Amino acid sequence: MKFLGGAGQTGANMAVIAEAMGLKQSTAHRIVSALERHGLIERERKTRRYRLGLALFALGATAADGTGLRKVARPALMRLSAATGDSVFLMARAGFNTVCVDRQQGTYVIDSLTGHIGGQIPMGVGPASQAILAFLPRAEADVIITTNAPLYDHYSHLSVARVREAVATIRKQGYAVDQGELVAGISAIAIPILPPKRDAIAALAVNLTSARLTPDRLPQLVDMLKQEVREIEASLNPLDEPHFGGVEAPLEGR
């Protein structure tokens with residue numbers, strides 16, 4: 001299913017799936033057929049290509065709600081989108097990837113790297129995942145960057161060195177920003193979500209056209225994001241004991 005997630009809306013045929021997974025076509029057919037029966041993947045009749053099914057996205061949404069994150073953050077997405085006219089995303093960590101948990105489309109419709117709720121990108125790609133990465137324990141962040149290193153070549157102007165440089169900057173200033181470097185003409189700002197005594201679990205991000213990210217507007221958007229993130233953090237199990245390893249305290253500027 002991870003392979004089909006990377007294939008996107010175009011999907012992949014059985015031969016390609018079998019080759020990518022290193023399976024015999026008969027074995028791949030049995031697995032794919034079982035997943036199709038449960039609605040986790042679906043086949044387009046004309047092209048006979050398989051892609052992720054709606055049931056999988058429903059499960060993802062349910063899982064996100066199970067943590068309370070999506071429910072708590074939804075008002076923030078709505079407020080930010082209404083106030084700015086831009087698209088707002090809630091991105092959460094999923095192993096070595098970052099998954100879009102929720103989004104609120106703004107007046108200015110633009111594409112995103114994840115494309116839809118449930119879409120994933122490797123950790124280190126884009127401001128939201130870099131914002132999360134910057135506030136993980138440094139040893140853990142280093143393992144993620146090293147593991148994902150071969151994937152960075154698939155993205156414009158991205159490399160291990162640039163990811164490490166971005167993460168170091170984010171740790172100092174408390175937010176991540178991409179001014180059209182990853183996708184020409186599209187900019188983004190992201191703030192990590194750090195529940196009390198927890199590592200970074202997610203990030204709140206605003207995506208907008210680069211023309212709309214003026215020097216005067218950048219600090220305004222950062223302040224708006226910070227305010228909403230603080231409210232989200234305060235609502236996420238403030239009395240719970242930490243479930244993960246410790247993380248350095250947020251630096252000045254958060």
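As the structure is a prediction and not an experimental result, all values here were calculated from the model.
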**Message:** Go through it in stages, so that I can follow the logic: the residues are Leu136 and Met123, the test is side-chain contact (heavy atoms from CB on, under 4.5 Å), and I'd like the CA-CA distance, side-chain angles, deciding distance and then a yes or no.
**Reply:** CA-CA 12 Å; Leu136 292 177; Met123 287 279 286; 4.0 Å; yes
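- Leu213 CG to Gln220 CD: the interatomic distance, rounded to the nearest 0.5 Å, is 10.5 Å.
- Here the CG atom belonging to Leu204 is positioned 15.5 Å from the OH atom belonging to Tyr175, to the nearest 0.5 angstrom.
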Could you list the donor-acceptor pairs under 3.5 angstrom formed between side-chain atoms of residues 76-85 and any protein atom two or more places apart in sequence or on another chain?
residue, atom, partner, partner atom, Å
Arg79, NE, Glu228, OE1, 3.4
Arg79, NE, Glu228, OE2, 2.9
Arg79, NH2, Glu228, OE1, 2.7
Ser81, OG, Asp86, O, 3.2
Ser81, OG, Gln105, O, 3.3
Thr84, OG1, Leu80, O, 2.7
Thr84, OG1, Asp86, N, 3.1

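- Note on residues 178-196: pairs passing salt bridge (Lys or Arg N to Asp or Glu O under 4.0 Å), not counting sequence neighbours, are Arg162-Glu181.
- At most 12 heavy atoms of other shown residues, nucleotides or ligands fall within 6.0 angstrom of atom CD in Glu19.
- Under a 3.5 Å cut-off, the side chain of Gln104 and the backbone N or O of Val88 do not form any donor-acceptor pair.
- The nearest pair of heavy atoms linking Leu158 to Gly124 is CD2-O, 4.1 Å.
- Shortest non-hydrogen contact noted between Ser87 and Phe89 is CB-CE1, 3.8 Å.
- Residues forming a side-chain hydrogen bond (donor to acceptor under 3.5 Å, both in side chains) with Arg93 (at least two apart in sequence, or on another chain): Glu140.
- Looking at every heavy atom in both residues, Pro219 comes nearest to Pro215 through CD-O, 3.1 Å.
- Put simply, the side chain of Ile31 does not reach to within 4.5 Å of the side chain of Ile17, judged on heavy atoms.
- For the atom pair Met91 CE and Gln130 CD, the distance stands at 11.5 Å (nearest 0.5 Å).
- Scanning for salt bridge (Lys or Arg N to Asp or Glu O under 4.0 Å) contacts around Arg43 gives an empty result, with sequence neighbours left out.
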**Request:** Before giving the answer on side-chain contact (heavy atoms from CB on, under 4.5 Å), spell out for Leu221 and Leu208 the whole-Å C-alpha distance, their side-chain angles and the decisive distance to 0.1 Å.
**Result:** CA-CA 11 Å; Leu221 290 173; Leu208 65 165; 4.1 Å; yes
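- Expressed to the nearest 0.5 Å, how far CD of Gln227 lies from CD1 of Ile191 amounts to 12.0 Å.
- You'll find the side chain of Ile232 stays beyond 4.5 Å of the side chain of Leu90, heavy atoms only.
- Not counting sequence neighbours, the partners of Val160 by the side-chain contact (heavy atoms from CB on, under 4.5 Å) test are Ile145, Ala149, Tyr152, Arg164.
- In this structure, the side chains of Val32 and His29 stay at 4.5 Å or more apart for every pair of heavy atoms.
- Of all heavy-atom pairs between Ala128 and Ala203, the closest is O-CB, 3.5 Å.
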**Request:** Take Asn148 and Val163 through the test side-chain contact (heavy atoms from CB on, under 4.5 Å) and record every step on the way to the result.
**Result:** CA-CA 11 Å; Asn148 285 347; Val163 172; over 6 Å; no
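- Counting heavy atoms from C-beta outward, Pro137 and Asp199 have side chains that approach closer than 4.5 Å.
- The side-chain hydrogen bond (donor to acceptor under 3.5 Å, both in side chains) search around Ser210 returns Ser187, not counting sequence neighbours.
- Separating the CD1 atom in Ile193 from the CG atom in Leu225 is a distance of 9.5 Å, to the nearest 0.5 Å.
- Here the closest heavy-atom approach between residue Ala92 and residue Val101 is recorded as CB-CG2, 3.4 Å.
- Cluster annotation: Leu151 and Phe96 are assigned to distinct hydrophobic clusters (Ile/Leu/Val/Met/Phe/Trp/Tyr, side-chain heavy-atom contacts under 4.5 Å, transitive).
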**Request:** Could you please spell out the steps behind the side-chain contact (heavy atoms from CB on, under 4.5 Å) verdict for Leu218 and Gln179?
**Result:** CA-CA 10 Å; Leu218 175 59; Gln179 301 199 23; 4.2 Å; yes
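- Ala12 and Val16 make their closest contact through CB-CG1, 4.1 Å (heavy atoms, listed as atom of the first residue, atom of the second, distance).
- In this structure, the side chain of Arg74 engages the main chain of Arg103 through a donor-acceptor pair within 3.5 Å.
- For the atom pair CG of Asn97 and CD1 of Ile121, the computed distance is 8.5 Å after rounding to the nearest 0.5 Å.
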